[in-house]
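All ligand and atom numbering here is 1-based and tracks the order in the structure. For clarity, every value in this text was computed on a predicted model and none was experimentally measured. Values below: all heavy atoms of this structure, side chains included; hydrogens, waters and symmetry mates excluded.
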Amino acid sequence: MSAKLIKGTEVREEILEEISAEVAQIKEKHGIVPGLVTILVGENPASISYVTLKIKTANQLGFKEIQDSQSEDISEEDLLALIDKYNKDDSIHGILVQLPLPKHINEKKVLNTIDPDKDVDGFHPVNVGRLMIGGSEVRFPPCTPAGIQELIVRSGIDTSGAEVVVVGRSNIVGKPIANMMLQKADGANSTVTVVHTRTKDLASHCKRADILIVAAGVPDLVKPEWIKPGACVIDVGVNRVGEKISEKTGKKIAILKGDVDFDKAKEIAGFITPVPGGVGPMTITMLMKNTLKSLKFKLGIA
Ligand code: NAP
């Protein structure tokens, strides 16, 4: 293998230690800790396991953590009132509504009700606008793109003037990471191309990339011959391609694959993220970082 592995699991620990130290300092000086509420509607198993991990991480960091579980049949009006209650609660700095929501609830309306200054997921139109403007306007960069940028920067990769090609244009990954990498800022200043299903020659764009960020949700979409030798490859894709028995627990677990043919790509790339263990562990980590940031804004020390 020639590529250096970018291990999200290790970078996560580094960042969590930094957050933990800051939380302790703020607690001592200001007598307050970051407060995060997670609102979970219904009992979607995938949502429950994700939320459980969020709670565990928040508790580990010494946050105030509220898990607010609501039944599947909560009315839209009651859910909006609940969000409003947390908007007004001074001990809460981050509000997270776990998606998907039941069909009778308008997801957009719910997300837009969250106070933009507590929207630690960064999906509120106000925060999307702040991200687009860049610089000191930015409050909460969305968590997965923020994690991607941390992985690139902490791996010592020079982004200034680099050709960045982003495969995918979703609102949660492709568009925000493209926007972040083109900002006039450290860890950015890149020349960015975004490609998608209507792009005429995907391969030719990928071949130019010094940094190739792939978020398509198609297993093995990116072929090894599309990778520029020495490039940094960030594989965001998480695709379930089968099941196996875990050696650790003896239970059935999903076999996950990224959007890049990892086994061959690692012989050509200079840096590459594995799936799992690359981008995945960064999302919750950045959510914690955003919640801490929200408290720091409130205290005027951000
Ligand atoms: P999405 O909303 O489905 O968007 C996928 C994007 O990829 C679309 O813009 C689509 O183009 C493009 N695309 C799909 N197939 C393509 C192809 N054959 N050629 C070129 N472009 C193609 O997905 P997403 O939410 O961004 O997620 C992408 C992947 O990242 C998924 O596997 C998801 O599970 C994973 N993910 C991981 C994390 C994490 O690790 N924490 C977080 C979020 C997402 P069009 O716009 O033209 O349809």
With side chain to side chain donor-acceptor pair (under 3.5 Å) as the criterion, how do Q98 and K54 come out once you've worked through the C-alpha distance, each side chain's angles and the decisive distance to 0.1 Å? CA-CA 11 Å; Q98 185 64 41; K54 275 179 200 164; 2.6 Å; yes
Atom of V33, atom of K64 and distance for their closest heavy-atom approach: CG2-N, 3.7 Å
In this structure, which one of V120, V23, L61 forms a side-chain contact (heavy atoms from CB on, under 4.5 Å) with P34? V23
Any heavy-atom pair between the side chains of V41 and P102 that's under 4.5 Å? yes
Give the table of side-chain donor-acceptor pairs shorter than 3.5 Å for residues 178-185, with sequence neighbours excluded, one pair per line with atom names and distance.
from	atom 1	to	atom 2	distance (Å)
N179	OD1	Q183	NE2	3.1
N179	ND2	L131	O	3.2
Q183	NE2	L131	O	3.2
Q183	NE2	M132	O	3.2
Q183	NE2	N179	O	3.4

Using a 3.5 Å cut-off on N/O to N/O, what pairs does ligand 1 make with the protein? A line per pair would be great.
from	atom 1	to	atom 2	distance (Å)
ligand 1	9 (O)	R169	N	2.8
ligand 1	21 (N)	T197	N	3.4
ligand 1	26 (O)	S170	OG	2.5
ligand 1	30 (O)	V236	O	3.4
ligand 1	32 (O)	V238	N	3.0
ligand 1	32 (O)	V238	O	3.4
ligand 1	41 (N)	T283	OG1	2.7
ligand 1	46 (O)	R169	NE	2.7
ligand 1	47 (O)	R169	NE	3.3
ligand 1	47 (O)	R169	NH2	2.8
ligand 1	47 (O)	T197	N	3.2
ligand 1	47 (O)	T197	OG1	2.4

Between K257 and V275, is there a side-chain heavy-atom distance shorter than 4.5 Å? no
